[in-house]
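Given the structure is predicted, the values throughout are model-derived calculations rather than measurements. Sequence lines set the chain letters: A, B, ... in the order given, protein chains first and strands last, and positions in each chain run from 1.
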2 protein chains.
Amino acid sequence: MTTTPKPKRRRHTRRRALPSGIQQPPWQSIRNPYPPAEILSPDALEDIHRASLSILEQIGIEILLPEAAEYFRQAGAHVTGTPARVTFEPELIEALVAQAPSQITVHARNPERHVRLGGDYVAFGLVASAPNVTDIDQGRRTGNRHDFCQLLKLGQTFNIIHVIGGYPVEPVDLPPPTRHLDAISDMLLLTDKVLHAYSLGRERILDGMEMARIARGIDHATFDREPSLLTVINANSPLRYDRPMLWGMIEMAKRNQLVVVTPFTLAGAMSPITVAGSLAQQNAEALAGIALCQIVRPGSPVMYGGFTSNADMRSGAPAFGTPEYLKAAQISGQLARRYRIPYRSSNVNAANSVDAQAAYESVFSLWGAISGKAHLIKHGAGWLEGGLSASYEKVVLDADLLQMVAAYLEPIRTDSESLALDAIREVGPGGHFFGTAHTQERFENAFYQPMISDWRNFESWQEAGSPSALQHANALSKTALTQYTQPPMDSAIREELADYVARRKAQGGVRD
Amino acid sequence: MTTTPKPKRRRHTRRRALPSGIQQPPWQSIRNPYPPAEILSPDALEDIHRASLSILEQIGIEILLPEAAEYFRQAGAHVTGTPARVTFEPELIEALVAQAPSQITVHARNPERHVRLGGDYVAFGLVASAPNVTDIDQGRRTGNRHDFCQLLKLGQTFNIIHVIGGYPVEPVDLPPPTRHLDAISDMLLLTDKVLHAYSLGRERILDGMEMARIARGIDHATFDREPSLLTVINANSPLRYDRPMLWGMIEMAKRNQLVVVTPFTLAGAMSPITVAGSLAQQNAEALAGIALCQIVRPGSPVMYGGFTSNADMRSGAPAFGTPEYLKAAQISGQLARRYRIPYRSSNVNAANSVDAQAAYESVFSLWGAISGKAHLIKHGAGWLEGGLSASYEKVVLDADLLQMVAAYLEPIRTDSESLALDAIREVGPGGHFFGTAHTQERFENAFYQPMISDWRNFESWQEAGSPSALQHANALSKTALTQYTQPPMDSAIREELADYVARRKAQGGVRD
């Protein structure tokens, strides 16, 4: 390699300049054209399916909200006891689940940011729900509105992010009764992408929907026709749904909004220590949640969320990006496809800093999600420490990883220009390709240009102070913030949104 | 998670203690039972196949060794000019390639360390051919025999490593004429695993074979029947094989030893800037090399090596673990399977230190290799800086990654014990699984126990000095060296080997 001539320096060399600017592909829908990994045989997949139906028939799900239990009862499920235990005949659960759509469009306030889920489409979400925030300048601190807004700006700036939220970090300095009003308002004002609002009881999710509707400038009928918000529903594993989550499912499904049903089946803790057992339980919980949405409104949009991982059996802490996680992510995709329901996975790790561990656990997670053909990858950028911290640097590192994944998902072409026989003939044995017309014509965009990877030779890298990927990411996070521009919003809409927040605050917000 | 009880502390908690000891699975053959990723359609794969046949028919390969050109001529290829340009009718190349075996066993001096390649089998190799060596204690330095031996000891100690060499780092302080004698002797004495010797001309590879034969204590007929050594042949891309490599192919094939034919097609530099063009050229070069081995000895063992990556178009330096690399690794597997020849890939990155970049580029490489169903992953542990450095810490980090891959490749079971309905029934809604008999019976070995991943909570981790993965790896590399034990060797064999080295040194080694 030392004898190959250097390419001519051209305009694109500016991309190299860190941290003076960020070069990134434009916002676009990403499609995954590759066949999914099918690591489990059809028979073994049926074993898991049947086990989950047995769980639902013989053990059942505890449903802590009477209104939800009543929905199940009216649909023909067996409901007994207090709190209600709901069991299902296999035929009933299969019939309900079959009503879920296999393709979904979620509408953003900016029509250019609508997100399609299902089929070949895949979308990436910003980190959500971290209680802490961290960067190498200030270290780890409790979530607050300033960092919350800064992370939103990063999520808006990086085009590879399609979905914002929940909250990238919890803005703990906002009072709980009205926190969701300010937080969702910030999300709507600072970004124009698809939003995720929390299901923390009935009132909050109703507020979330109304604010999403106002921000889109649409009437109620249009809102009911066009999913414009998503929520994530976690089972209180094992086999229980609690009141706030059940309200979220009911109210969101009523309005035809997207419910992402995601059991948190941590093998060895909240589910059996075996991957098969955890997946059977995950599947039972997911199908029960999906069934409720279909009872409330047949055909309402849902996703099948897979989050099965394993506990660190020494501490009980969740581990991510493990071999067991990778298998579970791929098999969860097989299960979701069995039901023809779009699949949600994640980009997760359990590292305490943005080091090699954070990177390899993340890429193992992405391997599972992408080869498992996930349609939505939550926590796509910024998640650290098993979700206990949102990291500025990790947002940037992950944005780079997601861009790499997107470039990987562009299939290669095998037309005669791409096969390049003429160039090979022109260069001949022992030559080099830098100078050929074939190379020069494709010079700028032939390969993905990473944001972080530092490919300088060792000596140049050392002269530059031996910067780590973490340091590059830190610098880029600042650059990205300087490049942030607030997306426009019609002033009438802005006013209506502010009025809504003010009115709900005057009412005292949510008292619970 | 904060409310889940801690598991009882048991014997296995000792695994946590870093750096006092290394817990690792035993040496074992690894099998990859999963279907390969097929990201290219059969038609598009044929486009590449046909393009490579056109290259071989219309452009040809430059063959710098007259003896090799003569082999090609006698087999029916067209040979013209000086240096010889060899072209092939498609039928000829296909007939020759079809003679290669699809399953290979390479014999180590320790019969328990034989390696099977092909089918579902996959083996992992130590880093090879780095000119420099690095660790965080002493920094980067030129390769030398001390570090060479230390890295061999690491390769012997980590059970996940199946194949040693070439040289993990070049022992530059050994004089070139006899370096291979001392280096191969060190490899044979310090390890008992399958070896890779360099094809640096005729005499060196003959020495390598003879030393491998002596170390196994077998006669020449057995050696000719049982592949006992492998060599890697790089085309001098584009479309040229040089004399040292051609000697390697000829002499190794003559003796029925394993030739891993690996063009280094760096898109934009030594091959076209398109992935399809680079793969067409890679395929042409690989098929020509494989054909030569089959001419020399029909049925001799070969591997199809894929190493296509892309140049950093700003510097000309090779990049690894890129989206283009990942696609090329998967498609190379499709090509190798098309010819029913075992496939060799790599675990590579272009980072200058063991940071997040090194980790994510490596896992992208492993993603390509494993989903591409590679049978041999060269540079499996320790490669850094695009191959310019072997890193002590990266050896350990990669050993952990390879162990994770091996754990991922263990398929999940879906028998009724694994589906765990009884445990799910016993625990019931809202319970936890730590205390169940089902969990306790599987507590120790349910999940892969990483060597490096630090899953302590943030506070404990911070109290411990916020160690990075790099620091863990550094400590573990020292532990591993203290745990190294030299594998036994029969004293008569040891003596015969020493005599051979002494005799060849007395003859002056290799003069070139």
Side-chain angles (χ1 to χ4, degrees), chain A residues 4 6-7 13 16 34 39 44 47 51 59 62 238-240 269 272-277 280-281 310 312-314 316-317 319 323-324 326-327 350 352 354-357 359-360 363 367 404 407-408 412 414 418-420 423-425 427 429-430 439 442 446-448 453 455 458 461 468-469, chain B residues 4 6-7 13 16 34 39 44 47 51 59 62 238-240 269 272-277 280-281 310 312-314 316-317 319 323-324 326-327 350 352 354-357 359-360 363 367 404 407-408 412 414 418-420 423-425 427 429-430 439 442 446-448 453 455 458 461 468-469:
Chain A
T4 47
K6 289 198 176 182
T13 57
R16 193 64 183 164
Y34 303 139
I39 66 167
D47 289 340
I59 306 171
E62 201 170 88
L239 302 179
R240 177 190 280 164
I273 196 163
T274 50
V275 173
Q281 185 187 312
N310 57 294
D312 172 10
M313 294 310 288
R314 293 172 293 235
E324 294 76 24
L326 174 50
K327 284 185 260 199
N352 284 303
V354 184
D355 64 351
Q357 179 189 343
Y360 66 70
V363 184
W367 178 349
M404 278 186 245
Y408 160 66
I412 73 158
T414 57
S418 301
L419 287 167
I424 294 170
R425 186 178 287 112
V427 169
T439 301
R442 292 163 179 79
F447 308 130
Y448 173 67
S453 278
W455 291 335
F458 182 84
W461 171 77
S468 68
Chain B
T4 46
K6 290 198 175 180
T13 58
R16 192 63 182 168
Y34 303 140
I39 67 167
D47 289 340
I59 306 172
E62 202 170 88
L239 301 178
R240 178 190 280 163
I273 195 163
T274 51
V275 173
Q281 184 187 312
N310 57 294
D312 172 9
M313 294 309 289
R314 292 171 296 232
E324 295 77 23
L326 174 50
K327 283 184 260 200
N352 285 303
V354 185
D355 64 351
Q357 179 189 342
Y360 66 70
V363 184
W367 178 350
M404 278 186 245
Y408 160 66
I412 73 158
T414 57
S418 301
L419 287 167
I424 294 170
R425 186 178 287 111
V427 170
T439 300
R442 292 162 178 79
F447 309 130
Y448 173 67
S453 278
W455 290 335
F458 183 83
W461 172 78
S468 68

K.L.:
With a 4.5 Å cut-off on heavy-atom pairs, point out which of B:Ala407, B:Ala319, B:Gly430, B:Ala44 contacts chain A the most.
P.N.:
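Ranked by contacts with chain A, first place is B:Gly430.
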
K.L.:
Please give me the minimum heavy-atom distance between B:Ala469 and A:Gln357, naming the atom from each residue.
P.N.:
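Nearest pair, atom of B:Ala469 first, then A:Gln357: CB-N, 3.7 Å.
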
K.L.:
Is it true that B:Ser468 and A:Asp355 share a donor-acceptor pair across their side chains at a distance under 3.5 Å?
P.N.:
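The criterion, which ignores hydrogens and geometry beyond distance, is not satisfied for B:Ser468 and A:Asp355.
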
K.L.:
What residue, out of B:Pro272, B:Gly277, B:Ala51, has the most heavy-atom pairs lying under 4.5 Å from chain A?
P.N.:
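Going by pairs under 4.5 Å, I would pick B:Pro272.
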
K.L.:
What residue, out of A:Ala423, A:Ser418, A:Ala420, has the most heavy-atom pairs lying under 4.5 Å from chain B?
P.N.:
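Of A:Ala423, A:Ser418, A:Ala420, A:Ser418 has the most heavy-atom pairs under 4.5 Å with chain B.
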
K.L.:
Quick one: side-chain contact (heavy atoms from CB on, under 4.5 Å) partners of B:Ala350, sequence neighbours excluded?
P.N.:
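Checked B:Ala350 against side-chain contact (heavy atoms from CB on, under 4.5 Å); matches are A:Trp455, B:Phe320, B:Glu361.
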
K.L.:
Looking at A:Pro429, A:Ala359, A:Ala276, A:Ala446, which one has more heavy-atom pairs under 4.5 Å with chain B than the rest?
P.N.:
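Result: the option with the highest number of such pairs is A:Pro429.
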
K.L.:
Between OH of B:Tyr448 and CG of A:Asn310, what distance do you get to the nearest 0.5 Å?
P.N.:
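Taking OH in B:Tyr448 and CG in A:Asn310, the distance rounds to 12.0 Å.
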
K.L.:
Supply the atom-to-atom distance A:Met404 CE to B:Leu326 CG, rounded to the nearest 0.5 angstrom.
P.N.:
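With rounding to 0.5 Å, CE (A:Met404) is 11.0 Å from CG (B:Leu326).
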
K.L.:
What part of A:Ile424 is in contact with chain B, defined as an atom under 4.5 angstrom from a non-hydrogen atom: side chain, backbone, both or neither?
P.N.:
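Its backbone and side chain both get close to chain B.
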
K.L.:
Could you tell me which portion of A:Glu324 (side chain, backbone, both or neither) has an atom closer than 4.5 angstrom to a non-hydrogen atom of chain B?
P.N.:
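Side chain only.
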
K.L.:
So how far is it from A:Thr274 OG1 to B:Ile412 CD1, rounded to the nearest 0.5 Å?
P.N.:
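With rounding to 0.5 Å, OG1 (A:Thr274) is 8.0 Å from CD1 (B:Ile412).
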
K.L.:
Is the shortest heavy-atom distance from the side chain of B:Asp312 to the side chain of A:Phe447 under 4.5 Å?
P.N.:
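No - every pair of side-chain heavy atoms lies 4.5 Å or more apart.
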
K.L.:
Between A:Ile39 and B:Tyr408, is any pair of side-chain heavy atoms under 4.5 Å apart?
P.N.:
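Yes, at least one pair of side-chain atoms sits under 4.5 Å.
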
K.L.:
Who wins among A:Ile59, A:Val427, A:Leu419, A:Val275 for the most heavy-atom pairs under 4.5 Å with chain B?
P.N.:
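Among A:Ile59, A:Val427, A:Leu419, A:Val275, the one with the most close pairs to chain B is A:Leu419.
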
K.L.:
Below 4.5 Å, heavy-atom pairs only: which of A:Asp47, A:Asn352, A:Leu239 has the largest tally toward chain B?
P.N.:
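Option with the greatest count: A:Asn352.
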
